[in-house]
There are 2 protein chains.
Amino acid sequence: MSDSKIRNMEEFAALSGVSRPTVSKYFNDPESVRASIRTKIEAALEHHDYRPNIFAVNQNRKLTKNIGIIVPYLADPFFAEIARRIETLVIAEGFRPILLSSHGDTNLEVSNLEALRQIKPAAVLLAPLGRTSDRQAIMDFCDNVPTVNFDSNIEGAGEAFIGHNNVQATDVMIQYLTRTGEPPVFFEMRTPPNPNAIKRRNAYLAAMERLGHTPQLIQAEGEGWNLEEIGYETAKRAITNKELSTNTVFCSNDRLAIGFLSAAYELGVKVGHAEGCSLRVAGHDNHPFSRYTCPTLTTISHNYDLIATRSVEIVMSMIESEQRLEERPTTLLDGELIMRASA
Amino acid sequence: MSDSKIRNMEEFAALSGVSRPTVSKYFNDPESVRASIRTKIEAALEHHDYRPNIFAVNQNRKLTKNIGIIVPYLADPFFAEIARRIETLVIAEGFRPILLSSHGDTNLEVSNLEALRQIKPAAVLLAPLGRTSDRQAIMDFCDNVPTVNFDSNIEGAGEAFIGHNNVQATDVMIQYLTRTGEPPVFFEMRTPPNPNAIKRRNAYLAAMERLGHTPQLIQAEGEGWNLEEIGYETAKRAITNKELSTNTVFCSNDRLAIGFLSAAYELGVKVGHAEGCSLRVAGHDNHPFSRYTCPTLTTISHNYDLIATRSVEIVMSMIESEQRLEERPTTLLDGELIMRASA
DNA sequence: TATTATTTTTAACGCGCGTAAAGAAAAAAA
DNA sequence: TTTTTTTCTTTACGCGCGTTAAAAATAATA
């Protein structure tokens, strides 16, 4: 590797003995040039460590090789984990992921969209805030940039939606809980940031009715994304005041459940499905930490890998076909019951 | 807001009644043009929604308004939380954060560095993998891009280092544990990915010697970043085989401690400083979830806010002064004892 | 009002690369 | 070998903006 600095493609082309337009062609698609030429260029590359200026390249292309990823809250391990997998897949496809977090803030979400639009990404994977999203801003964005919506469904936004089958998942858990003990109380936020929570609430109510049980909602009052704390405080109150009408609690998501377990532990309430336990607690999401709670959390798994894989698959097919999808296919991934110690 | 699409600065300048170079000047620093001109431009901006093409702008600048942030593993809530704060501060300073995660992978770390170099960032905040980093690649990078190294110290890399005072923090915890009960066993990985762990091990050994106690290291064998699992497995073995020489365990970090608590719970070992508990467990980092473990985790807090604030402060001063620092100032932030239920 | 200092306009070049057209060269087919 | 097809080279323009130098306009000062 010679240390001679190459300023631009012109210089590099001269060094490799190939014309600049051909070199340009090579960098856009190595297969598009003759093997003999390719060899020359790649030989030169080994000696001179040149790569095209990314800004100049992107300025002259309608679309870049960038793929934007927006998640609502990256400090939530659920989204961190999904983002990690999506990034890995995107890189494997030869694109460059640009990961942005909205940090739970509507304005930041909008400015993330604007930032991405400027970058002219080939496509965007968007997990919106949900209830607090600026719907109009998102729709505008999706008109201009091919987008796949995942996790939180903003009706009509993007070319496709990949999300959880909240109804199926909720049903499975309720079935399991009722078959193994008392029917569950539903533990959630009154105004959850994420629309999945609303779907889960409704699914709970419907399932309980169908099964002939009386539903009970315990609704936490907090706002924002500090879910463990909200779950903890509300659980402490609910347990202390004996608000629970049954000995079984189904939490709208694992982070609330983690807060619940913490409160129960502190109050000396033994949680679990085993003999001698006075309370059963289940969650929803298969949060990365749910495997290590005390007791380990029975929950519904939403396959991280699958949601990432499917989202990227659809994005790639959109990019290849170079056209928008006429319909808006909706993929709802089934959840899987993860039986652990807590319920 | 008229919907007339503006193609470039030329058109926008014409519409606002100001010359293009002056408009260019305005976008680089609004204060640099006369108030009357500024008013004209801003009036036009309200009607026409134009912003300079980011690629064209960056092509012609030596340095962009981008600030790179690289963390070793974004799915770790510790780094997610720090990244979140750094991003917020960077945005407040009027820069654009570019967050990249190395996902625990040496090659990805190197290609993240290369990606950032292409983007000509004003500066970079780098939390390296540590032991598995490609030291040479990092040093090369730091020669070309003004970088601040944080969390894991790569000796000589970057213009400054901001990290934890592992010695102080470890000492404080050992003092606390020995004053309130038996001296601790140290629970860690044999080959930890992060160099802080080595510092903590050595600090433990030194402190124990100084205090006249016999040290004991319980070393987990795993590799990688799945720390809870590694902690869980090793703790299960250690407890079952009665390997612990005292009733107190000091974990090298909170994620190992979370695994440890999970194992202890499963084995029916009561953890806590209270009457009737047979084991005390302490951690290190004040992980976002340590507040919700069962029992809540006694740990050493490393102030997230401070590490983010200091790192960004130094980066900003580097950018403003437009010169590299002659020394390499090292800031070690003291940890603070967080007394909770586990020890 | 005249003078000086500051800012803006005009005109023009450059950044590094995408891309198009026409002719030359190489490879494939006849 | 000749003809056809494919690929490459040469030449040249354009992308949108940063930046500079000289001339013009404006503001501040005397």
Side-chain angles (χ1 to χ4, degrees), chain A residues 4-45 48-66 96 115 117-120 122 322, chain B residues 4-45 48-66 96 114-115 117-122 322:
Chain A
S4 59
K5 295 284 170 192
I6 293 168
R7 305 192 160 277
N8 53 37
M9 196 180 276
E10 196 79 53
E11 279 187 32
F12 175 75
L15 283 168
S16 59
V18 177
S19 74
R20 189 180 70 74
T22 306
V23 171
S24 170
K25 201 151 170 262
Y26 168 85
F27 278 108
N28 281 315
D29 176 12
E31 299 300 314
S32 69
V33 302
R34 210 149 48 201
S36 59
I37 297 282
R38 194 159 54 233
T39 314
K40 275 188 182 178
I41 294 177
E42 282 165 0
L45 269 179
H48 296 291
D49 167 47
Y50 159 81
R51 60 187 66 187
N53 179 304
I54 196 169
F55 298 112
V57 168
N58 286 337
Q59 179 172 24
N60 294 312
R61 267 215 267 262
K62 297 134 228 168
L63 255 39
T64 67
K65 276 276 188 178
N66 297 326
R96 236 174 66 75
R117 198 184 315 207
Q118 280 192 43
I119 287 175
K120 297 185 283 189
E322 283 181 12
Chain B
S4 59
K5 294 283 169 191
I6 293 169
R7 304 190 160 279
N8 53 37
M9 194 179 276
E10 196 79 52
E11 279 187 34
F12 176 75
L15 283 168
S16 59
V18 177
S19 74
R20 189 180 69 76
T22 307
V23 171
S24 170
K25 202 153 171 260
Y26 168 86
F27 277 108
N28 281 313
D29 176 12
E31 299 299 315
S32 70
V33 303
R34 209 145 51 199
S36 58
I37 298 281
R38 194 158 54 234
T39 313
K40 278 187 180 178
I41 295 177
E42 281 163 1
L45 269 180
H48 296 291
D49 168 46
Y50 158 81
R51 60 188 66 188
N53 178 303
I54 197 170
F55 298 113
V57 168
N58 285 337
Q59 180 173 25
N60 295 310
R61 270 214 264 263
K62 296 137 230 168
L63 255 40
T64 67
K65 276 276 188 179
N66 298 325
R96 235 174 66 74
E114 284 172 2
R117 199 186 314 210
Q118 279 192 44
I119 286 174
K120 296 185 283 189
E322 283 181 11

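All of these numbers come straight from a predicted model, not from anything done at the bench. The sequence lines fix the lettering, A, B, ..., with proteins before strands; numbering per chain opens at 1.
For residues 9-34 of chain A, the salt bridge (Lys or Arg N to Asp or Glu O under 4.0 Å) pairs, not counting sequence neighbours, are Glu10(A)-Arg20(A). Applying the salt bridge (Lys or Arg N to Asp or Glu O under 4.0 Å) test to residues at least two apart or on different chains, none of the pairs has a partner in residues 36-45 of chain B.
Looking at which nucleotide of DNA chain C each of Val23(B) and Gln59(B) is closest to, the 5′-most match is held by Val23(B).
Counting to the nearest Å, the P atom of dC8(D) and the CG atom of Asp29(A) are 12 Å from each other. Distance NZ (Lys65(A)) to C1' (dC17(C)): 17 Å, rounded to an integer number of Å. The interatomic distance linking Asn58(B) (CG) with dC17(C) (C1') rounds to 15 Å, in whole Å. Straight-line distance from the CZ atom of Arg7(A) to the C1' atom of dG14(C): 13 Å, rounded to whole Å. Atom CZ of Arg38(A) is separated from atom C1' of dT7(D) by 13 Å (rounded to the nearest Å). Distance, Glu10(A) CD to dT9(D) C1': 12 Å, rounded to whole Å. If you measure from atom CD1 of Ile119(A) to atom P of dG16(D), you get 17 Å, rounded to the nearest angstrom. Regarding Ile41(A), its CD1 atom lies at a distance of 8 Å from the P atom of dT9(D), rounded to whole Å.
Every residue was checked against the side-chain hydrogen bond (donor to acceptor under 3.5 Å, both in side chains) condition with Ser32(A), not counting sequence neighbours, and none meets it. In terms of the side-chain contact (heavy atoms from CB on, under 4.5 Å) criterion, Thr39(B) has no residue partners (sequence neighbours excluded). Every residue two or more places apart in sequence or in another chain that forms a side-chain hydrogen bond (donor to acceptor under 3.5 Å, both in side chains) with Asn66(B) is listed here: Thr64(B).
Contact check, Thr22(B) against dT9(C): a side-chain N or O comes under 4.0 Å of OP1 or OP2. For dC17(C), one of the phosphate oxygens OP1 or OP2 lies less than 4.0 angstrom from a side-chain nitrogen or oxygen of Tyr50(A).
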Under 4.0 Å protein heavy-atom contacts per nucleotide of nucleotides 19-27 of chain C, with B for base, S for backbone only and - for none: BB-------
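The listed nucleotides are dG18(C), dT9(D), dC17(D); the one nearest the side chain of Asn53(B) is dC17(D).
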Kindly determine whether Asn28(B) and Arg61(B) satisfy side chain to side chain contact (heavy atoms under 4.5 Å, CB included), including the steps that lead there. CA-CA 11 Å; Asn28(B) 281 313; Arg61(B) 270 214 264 263; 2.3 Å; yes
Would Ile41(A) and Phe12(A) count as a side chain to side chain contact (heavy atoms under 4.5 Å, CB included) if you check the C-alpha gap in whole Å, the side-chain angles of each, and the deciding distance to 0.1 Å? CA-CA 9 Å; Ile41(A) 294 177; Phe12(A) 175 75; 3.9 Å; yes
